Amino acid sequence: MSDANDDETLLPKTYTPAEAEARWYDFWESSGFFSPTGEGEKTYTIAIPPPNVTGTLHMGHACRTTFEDVLTRYHRMKGYDALWIPGTDHAGIATQVVVERLLAREGTTRHELGREAFVERVWEWKRSSGGRIYEQLRKMGSSCDWTRARFTMDPDLSVAVREAFVRLYEQGLIYRGTRLVNWDVETQTVLSDLEVETQENVQGELFEMAYPVVDAEGNARGEVVVATTRPETMLGDTALAVHPDDERYAHLHGCFGKHPFVDRLVPIITDAELVDMAFGTGVVKVTPAHDPNDFATGKRHGLEEINILNLDGTLNENGGPFAGMERFVARRAVKAKLDELGLARGSKKHVMTLPRSQRSGTIVEPMISTQWFVKMEPLAGPAIAAVEDGRIQILPEDWTKTYFHWLRNIQDWCISRQLWWGHAIPAFYCQACEHVNVTREDPSACAKCGSADLVADPDVLDTWFSSALWPFSTLGWPNEDAADLRRYYPTQDLETGYDILFFWVARMIMMGLHFMGEVPFSRVLLAGLVTDERGEKMSKVKGNVIDPLDVISGTSLDALVTKAEAAGSKPEGLSYLKKTYPEGFAEYGTDALRMTLLSYSPQSRRIALSLKRVEGYRNFSNKLWNAARYALMKLEGSDARASGAAPAASALANRWILSRLAHALDAAGEGVDGYRLDDASGALYHFVWDELCDWYLELSKPLLESEDPAVVAETRAVLVHVLETVLRALHPMMPFITEEIWQRVPKDTAYAAGLRRADTPSVMVMPYPTAATDARADAEAEAALDGLKAFITSARSVRAEHDLPRSQRVAIHYAGAEGELALAVLRSEARLVQTLLNADLHEEPAAKLDDPSAHFAHAAIFVVAGLRAAVPGVIDPAKERERLGRELKRVAKDLGVLGKKLTNPSFVDKAPAELVEKTKRDAADLDAKKSELEAALARLG
RNA sequence: GGGUGGAUAGCUCAGCGGUAGAGCGCCGCCCUUACAAGGCGGAUGUCCAGGGUUCGAUCCCCUGUCCACCCA
């Protein structure tokens with residue numbers, strides 16, 4: 001077999017992405033194509049959802065990046081001044097944890113280092129390792145403007161954060177308050193409600209214990225039994241509650257529980273809200289300082305709030321004999337001690353939910369603390385309105401409900417964090433008069449009393465606070481005159497995962513409206529969660545994490561397993577990998593990965609990424625490559641040039657492909673505009689494979705062999721035009737391969753000068769094709785070619801069924817009714833058909849086809865709309881009977897369905913007339929076909 | 001406890017009032033000078049169950065079952 005490149009072929013036989021991708025990316029970037037021109041009326045802007053600076057690219061990023069890049073490239077080609085702003089966020093807790101781990105390895109801690117040195121150390125880390133995700137985004141082909149890359153801790157963005165804080169404070173929308181908050185004992189910071197995740201269906205224990213009861217005079221009145229899943233919290237109990245209507249405990253109203261460990265009488269109160277008579281014993285212990293419901297109860301009854309925990313999760317002095325113990329140690333100790341005192345009343349298994357920190361995973365402790373909050377209600381109202389009145393559209397629309405629900409039930413947002421890495425809270429406490437100074441510049445004296453004895457708030461802000469300002473802080477706010485802010489705000493689309501709808505999207509909308517007075521974007525596009533092919537969430541523990549870069553560059557099974565193992569996969573995860581990917585991954589390339597991610601419906605909440613699908617799109621890349629290879633080969637030595645205008649066409653196949661191109665371009669444009677990138681990419685995929693490659697390229701072969709030079713020239717012109725156009729259409733989705741090919745397509749010089757950079761032609765700055773400008777719908781050509789395709793397919797089916805290999809030339813005798821389109825087309829295109837089928841066509845008088853066996857030896861017959869044909873030379877009548885029988889069955893079934901409809905009077909009366917007519921026509925056609933098949937079958941005997 | 005989404009071919013999923021689709025897999029045949037990462041042909045479905053609306057339901061409505069996610 002000949003090697004691919006031993007002849008004058010222009011391209012190798014297979015497309016290998018690796019080399020081309022790096023080359024073109026550098027070319028685009030160095031050509032300045034990623035930066036907006038700053039010219040033109042229409043702008044199109046996307047702000048990237050900033051990944052954590054500690055992050056590495058995962059499938060979620062890959063997915064979002066692809067969507068954003070398609071939208072950006074598409075609009076750029078459409079002539080918009082397109083800007084996609086990249087950036088990262090400082091990920092307070094995550095980053096601090098990363099650097100603390102480094103320090104631990106060096107045998108030190110941040111406390112030993114001191115705050116200032118630690119923060120400097122984090123910056124150092126950021127400078128050396130924080131750019132990794134940018135490199136990975138580049139690998140995805142992202143056409144973002146790196147010259148505008150932003151980091152939430154950049155000086156200008158920090159100014160924005162401080163300005164926002166101060167303004168909100170001045171407006172009374174930020175306040176300091178003492179509340180029950182979520183405390184993460186591991187990272188030792190407070191968390192917002194959103195950062196607490198509930199772990200469901202945890203097998204827990206409901207522990208029952210007795211409180212000795214005394215009355216107001218101190219006389220023993222027996223005991224009450226309470227149940228709890230957190231026995232240690234009893235050290236903070238300040239009441240026992242029963243339901244006011246509960247007869248069982250009516251005699252205890254006004255009595256007290258005698259605390260077994262600390263010298264305290266806890267009142268027995270009645271509360272209908274807290275107590276569910278049917279649950280447990282009907283008596284509830286009340287710990288206002290460590291439980292949200294109890295906290296509310298405490299407020300209703302004016303109960304004392306006793307905090308029993310230190311910030312590190314150990315018990316404080318209020319823990320009495322248990323002080324100093326870690327919370328879970330204390331729990332066991334409390335139980336043991338109660339047992340010893342004879343107050344334990346057994347325990348039951350209990351299914352419960354546990355609040356866990358999104359960051360550290362530890363069980364979150366509700367604790368009373370003084371923190372900074374943003375008042376949400378005044379900000380939520382306008383954010384609700386913006387979606388209600390359509391200034392912002394959320395897609396898929398289902399999420400609108402969720403968005404409303406959250407905003408309508410919103411709680412104030414706790415924004416202070418006890419971390420060192422982040423934006424300092426600009427509050428300064430006067431030690432002299434206790435005034436809180438919140439200022440844009442660090443104050444030297446108290447604004448109220450003039451004292452210089454000020455202490456800065458040690459806390460920093462929630463990272464999401466800075467992210468909420470992202471769409472305008474990245475453009476230059478608070479400088480209202482910043483050129484970018486004026487030109488590119490509001491942005492158009494915001495594309496992200498639904499998991500941060502509340503964390504980020506809703507907050508950006510609130511802040512955008514509040515500070516800019518205008519929505520930050522007009523469309524929110526929410527993508528689903530990328531999972532493994534079983535639909536399970538990717539996780540390190542499960543070992544099913546697929547690294548996009550491995551998909552792009554390929555990897556061995558060994559490397560996959562090693563990586564998963566290092567990341568902490570369980571053995572089941574490793575065996576899943578081995579079973580699912582025994583060969584590892586091939587080098588699929590970025591374009592294939594992008595097409596795969598695009599192919600999933602945006603309606604779906606899950607994107608169960610299948611590597612088989614990636615392989616399918618890798619194959620598609622290769623298909624496109626080879627189509628180009630064919631075209632370029634056929635164009636060689638000719639003067640056919642792409643010029644951006646659809647060439648005139650007279651040959652049927654040429655007219656047809658230009659018409660199909662029109663459909664494909666319509667579908668692609670509508671798909672992208674409507675955020676149905678699956679439809680858009682699917683339309684182009686099917687056009688290239690099913691129509692261009694499967695039919696047109698084959699049809700072009702005989703045309704290019706024509707003796708008529710005009711036909712040859714026309715076909716070449718169409719060939720180069722269709723190829724060049726489809727490359728432009730596909731470019732937003734498959735940027736690399738399209739550029740690689742496009743650069744080699746012969747183009748008219750003026751045309752190739754491109755949209756914006758006359759000196760550096762590139763497909764990425766060419767106009768995006770449309771049906772109106774680059775193709776030509778032609779219904780007549782389509783109808784004609786459809787008939788021809790049906791004829792060819794039937795003939796092939798006969799061939800396959802009767803083991804007539806393609807190499808064996810056959811004769812096909814046909815007849816049709818004069819005046820039928822199919823007959824006319826077959827006559828005029830006979831040569832084309834002969835080539836495609838490797839057959840000789842003979843038109844016969846209809847009578848001859850009425851009894852083919854009388855005229856042709858062992859003939860197989862087929863019937864397609866308006867045509868009958870016989871293929872002599874079939875050896876096996878049994879097979880032919882079988883084939884005809886099968887087809888007859890199918891026709892009969894279809895006819896049955898239609899017949900049933902037509903005999904139903906209500907259908908004929910009530911269904912639209914058009915449909916009834918069509919049904920009648922279809923039925924008539926099928927009926928004719930049925931008779932033909934029956935006759936043929938009868939003749940076979 | 002409240003809410004949202006899903007259940008369609010062996011697998012992963014589109015579709016959505018008018019005779020059920022794709023990719024992969026499966027079964028034949030074929031190295032056909034663009035492509036074996038390919039070509040040609042073929043098989044495959046109680047569209048979760050039960051009711052209702054309709055001339056007509058996989059699609060709309062109700063009820064139920066199971067799964068996923070979110071909120072408390």
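Throughout, a chain's letter reflects where its sequence line sits, starting with A, and its residues are numbered from 1. None of these values were measured; they are calculated from a predicted model.
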Pairing partner of [N] (Watson-Crick or G-U wobble, both distances under 3.5 Å):
N	result
U4(B)	A68(B)
C13(B)	G21(B)
C60(B)	G52(B)
G38(B)	C30(B)

Proximal nucleotide (of [options]) relative to the [X] side chain:
X	options	value
Ala627(A)	G5(B), C55(B), A34(B)	A34(B)
Ser797(A)	C35(B), G41(B), A43(B)	G41(B)
Arg605(A)	A34(B), C69(B), A37(B)	C69(B)
Lys13(A)	A34(B), A37(B), C35(B)	C35(B)
Ala608(A)	A37(B), U12(B), G18(B)	U12(B)
Asp694(A)	C40(B), C55(B), A37(B)	C40(B)
Asn626(A)	C71(B), G18(B), C35(B)	C35(B)
Tyr498(A)	A34(B), C69(B), U12(B)	C69(B)
Lys537(A)	C70(B), G41(B), C35(B)	C70(B)

Using modelled atom types only, decide if a donor and an acceptor are shared between the side chain of [X] and the backbone of [Y] within a distance under 3.5 Å.
X	Y	answer
Thr903(A)	Lys900(A)	yes
Asp550(A)	Thr555(A)	no
Gln834(A)	Leu841(A)	yes
Asp927(A)	Leu895(A)	no

Within the 4.5 Å heavy-atom criterion, are Glu536(A) and Thr531(A) side-chain neighbours or not?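 The answer is no; the side chains never approach within 4.5 Å.
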
When you measure only distances, ignoring hydrogens and angles, does the side chain of Lys623(A) come within 3.5 Å of the base of C35(B) through a donor and an acceptor?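 Such a pair is found, so the answer is yes.
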
Donor-acceptor pair under 3.5 Å, Glu587(A) side chain vs A37(B) base: no

Using atom [atom1] in both nucleotides, what's the gap between [N] and [M] to the nearest angstrom?
N	M	atom1	value
G21(B)	C29(B)	C1'	26 Å
G64(B)	A7(B)	C1'	14 Å
C24(B)	A43(B)	C1'	16 Å
A68(B)	U8(B)	P	15 Å
C70(B)	C16(B)	P	28 Å

Under 4.0 Å, counting only non-hydrogen atoms across every strand here, what does [X] touch: a base, just sugar-phosphate, or nothing?
X	result
Arg408(A)	nothing
Thr793(A)	sugar-phosphate
Ser604(A)	sugar-phosphate
Tyr15(A)	base
Pro905(A)	nothing
Arg883(A)	nothing

Residue that, paired with Val722(A), satisfies side chain to side chain contact (heavy atoms under 4.5 Å, CB included) out of Leu719(A), Val720(A), Val718(A):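 The option that passes is Val718(A).
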
Quick one: on RNA chain B, does Lys634(A) or Arg796(A) contact a more 5' nucleotide (nearest heavy atom)?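 That would be Lys634(A).
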
Hey, which sits more toward the 5' end of RNA chain B by its nearest nucleotide, Arg606(A) or Lys910(A)?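 Comparing both residues, the 5'-ward one is Arg606(A).
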
Distance check needed: U33(B) P versus Glu705(A) CD, whole Å only.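 Nearest whole value for this atom pair: 13 Å.
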
Cation over ring, Arg613(A) on Tyr600(A), under 6.0 Å and within 45°? yes

Cationic tip of Arg605(A) above Trp399(A) ring, under 6.0 Å, 45° of axis: yes

Does a side-chain N or O from Lys401(A) land closer than 4.0 Å to OP1 or OP2 of C70(B), or not?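 No.
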
Is Arg890(A) near enough to A43(B) that one of its side-chain N or O atoms lies under 4.0 angstrom from OP1 or OP2? yes

Kindly determine whether Asn654(A) and Thr715(A) satisfy side-chain hydrogen bond (donor to acceptor under 3.5 Å, both in side chains), including the steps that lead there. CA-CA 7 Å; Asn654(A) 290 336; Thr715(A) 305; 3.2 Å; yes

Exercise: do Glu587(A) and Ser553(A) side chains pair donor with acceptor under 3.5 Å: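 Side-chain D/A pair, Glu587(A) to Ser553(A): absent.
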
Between the protein and nucleotides 19-25 of chain B, list every N/O to N/O distance that falls short of 3.5 Å.
from	atom 1	to	atom 2	distance (Å)
U19(B)	O2	Asp894(A)	OD1	2.9

